[in-house]
Peer 1: 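Sharing a structure here in C-alpha cells format.
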Amino acid sequence: MIDILVEGIANVDEGFKLLFSANPFPGYQAEIIGLRSEYNGHWYYWNKNNLQGWLCPALLKYFREPPNKIYCKAESLYSSGRPHLIY
C-alpha cells in the first residue's frame, strides 16, 4: 500500500511524510475502510486498489479508538526545498 502512495516522490529512499486523519482532507490519496480487529491491531481495506493492510496497536497512539475510515497522503520530505523535522 505504501509503495503505491509514494510512487513519484523524489528521493523517497531518504524518507517521506505520511499525513493521515479520520476525516477527509484536501488532496488525500487514499480512503481505507476498517474491516476487523486482530492481534490488538486492525485490518483496513483500500477499495480503489483492492488491497488490505494490518495496522499495529500503535494506531491507538494517534486515535482513541480505531476509526472506521482513515484518509491518508504521502508527501516528500523536501516539499519546501528543505527537510522537515521527523518526530
Peer 1: How many angstroms lie between atom CD of Glu75 and atom NZ of Lys73, to the nearest 0.5 angstrom?
Peer 2: 4.5 Å
Peer 1: Applying the 4.5 Å side-chain criterion to the ILVMFWY set and letting contacts propagate, would Leu5 and Phe16 be lumped into a single cluster?
Peer 2: yes
Peer 1: Tell me if the CD1 atom of Ile2 is crowded by more than 12 foreign heavy atoms within 6.0 Å.
Peer 2: no
Peer 1: Quick check for you: to the nearest 0.5 Å, what is the distance between Ser21 atom OG and Leu19 atom CG?
Peer 2: 10.0 Å
Peer 1: Got a donor-acceptor contact below 3.5 angstrom from the Gln29 side chain to the Ala74 backbone?
Peer 2: yes
Peer 1: Could you state the interatomic distance from CG (Leu77) to CG (Asn11), rounded to the nearest 0.5 Å?
Peer 2: 9.0 Å
Peer 1: What pairs meet the side-chain hydrogen bond (donor to acceptor under 3.5 Å, both in side chains) rule with one or both residues in residues 50-68, with sequence neighbours excluded?
Peer 2: Tyr45-Asn50
Peer 1: Between NE2 of His42 and CG of Leu35, what distance do you get to the nearest 0.5 Å?
Peer 2: 12.0 Å
Peer 1: Return the OH to CD1 distance between Tyr71 and Ile32, rounded to the nearest 0.5 Å.
Peer 2: 10.5 Å
Peer 1: Identify the heavy atoms of Ala22 and Pro67 that sit nearest to each other, and give their distance.
Peer 2: CB-CB, 3.8 Å
Peer 1: For the hydrophobic clusters of this structure (ILVMFWY residues joined by side-chain heavy atoms under 4.5 Å, transitively), does one cluster hold both Phe63 and Met1?
Peer 2: yes
Peer 1: Hey, any chance Val6 and Tyr28 share a hydrophobic cluster, counting ILVMFWY side chains that come within less than 4.5 Å of each other, even indirectly?
Peer 2: no
Peer 1: Holding to ring pair (Phe, Tyr, Trp, His ring centres under 6.0 Å), I want the full list of residues that pass it with Phe25, two or more places apart in sequence or in another chain.
Peer 2: none
Peer 1: Measuring from Glu14:CD to Tyr78:OH, what's the distance to the nearest 0.5 Å?
Peer 2: 3.5 Å
Peer 1: Spell out, yes or no, whether Leu51 and Ile33 are grouped together once hydrophobic residues are joined by side-chain heavy atoms under 4.5 Å, including indirect joins.
Peer 2: no
Peer 1: Around atom CG of Asn40, are there more than 12 heavy atoms from other residues, nucleotides or ligands closer than 6.0 Å?
Peer 2: no
Peer 1: So if you build clusters from Ile, Leu, Val, Met, Phe, Trp, Tyr with side-chain heavy-atom gaps below 4.5 Å, do Trp43 and Trp46 land together?
Peer 2: no
